[in-house]
Amino acid sequence: MRIEIVRGDITTQEVDAVVNAANSSLLGGGGVDGAIHRAAGPSLLAECRTLGGCPTGEARITGGYDLPARHVIHTVGPVWRGGDHDEASLLASCYTSSMALAREHGCEVVAFPAISCGVYGYPLAAAAEASVGAVRLSGEKGPIECPAIVRWVLFDRACFEAWQTALTAR
Ligand code: APR
């Protein structure tokens, strides 16, 4: 599995699946959730309405509709509450659940945003470390568990630098 990081807008990614940092209702919101729904069009919300929500740490898959991506994988990150409420394991679970779902649907190239690093307030360095660690661990399990390429699409410079540091740290 190859890991890439780029700066940019995840809604423009021509990949098998883009991952959405959603909330548990799966009925849209601001941030990257809002951007993905705006770009995908109303059919995405219509499909999300049939899913009945999603618990924190889990993932659900839909079509990509007007996005260049074939699928959207919606995952719900933890809200940062100081770090002793299982935030790191819940965040890691967002990545492993999303990658397992991607594999089940034959998605070879998956783009992730910095889950929980906006409204949910997760500190960037801690988020990058937990996220990179989870993706690398899945990658070590071999092609059954993970896509061929995982690409982080980071909207702002601070996020990009945090992921760069985490990727070069080990
Ligand atoms: N492409 C890539 N990344 C983006 C984009 C975009 N178009 N727009 C925002 N981001 C980045 C933010 O800069 C942040 O680094 O996505 C990261 C996650 O931020 P949020 O979108 O706020 O997501 P999160 O912190 O997980 O909070 C989720 O926010 O939008 C609501 O419905 C959503 O309630 C949920 C909550």
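Quick note: numbers below take in every heavy atom, side chains included, and nothing from hydrogens, waters or symmetry partners. Both counts, for ligands and for their atoms, begin at 1 and track the order of listing.
Glu4 CD: more than 12 foreign heavy atoms inside a 6.0 Å radius.
For atom 6 (C) of ligand 1, a protein heavy-atom neighbour is present inside the 4.0 Å cut-off.
Those atoms of ligand 1 with a heavy atom of Ala114 less than 4.0 angstrom away are 15 (O), 17 (C), 18 (C). If you number the atoms of ligand 1 from 1 as listed, the ones under 4.0 Å from a heavy atom of Asp9 come out as 1 (N), 6 (C), 7 (N). Residue Asp156 has at least one heavy-atom neighbour below 4.0 Å for each of these atoms of ligand 1: 13 (O). Heavy-atom contacts of Cys159 reach the following atoms of ligand 1: 15 (O) (cutoff under 4.0 Å). Near Gly29, the atoms of ligand 1 lying under 4.0 angstrom from a non-hydrogen atom of the residue are 30 (O), 32 (O). Near Ala35, the atoms of ligand 1 lying under 4.0 angstrom from a non-hydrogen atom of the residue are 7 (N). Near Ala21, the atoms of ligand 1 lying under 4.0 angstrom from a non-hydrogen atom of the residue are 23 (O), 26 (O), 28 (C), 33 (C). The contact set between ligand 1 and Asp33, taken as ligand atoms under 4.0 Å from a residue heavy atom, comprises 30 (O), 32 (O), 33 (C).
For the side-chain contact (heavy atoms from CB on, under 4.5 Å) test, residues two or more places apart in sequence or in another chain that qualify with Val6 are Gln13, Arg151, Val153.
Atom OG of Ser131 is separated from atom OH of Tyr122 by 7.5 Å, given to the nearest 0.5 angstrom.
The pair Glu108-Arg2 fails the salt-bridge criterion, with no side-chain N (NZ, NE, NH1 or NH2) lying under 4.0 Å from an Asp/Glu carboxylate O. We find that Glu140 and Arg136 are not joined by a salt bridge, their nearest charged nitrogen and carboxylate oxygen being 4.0 Å or further apart.
Under 4.0 angstrom from ligand 1, there are no non-hydrogen atoms of Ile36.
When hydrogens are left out, the protein atom nearest atom 22 (O) of ligand 1 is Val119 N, 2.9 Å; that is the closest non-hydrogen contact.
Of the candidates Gly30, Ala111, Gly31, the one placing a heavy atom closest to atom 31 (C) of ligand 1 is Gly30.
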Contacts under 3.5 angstrom, residues 42-50 side chains, donor-acceptor by atom type, not counting sequence neighbours:
from  : atom 1 : to    : atom 2 : distance (Å)
Glu47 : OE1    : Gly63 : N      : 3.0
Glu47 : OE1    : Tyr65 : OH     : 2.5
Thr50 : OG1    : Glu47 : O      : 2.5

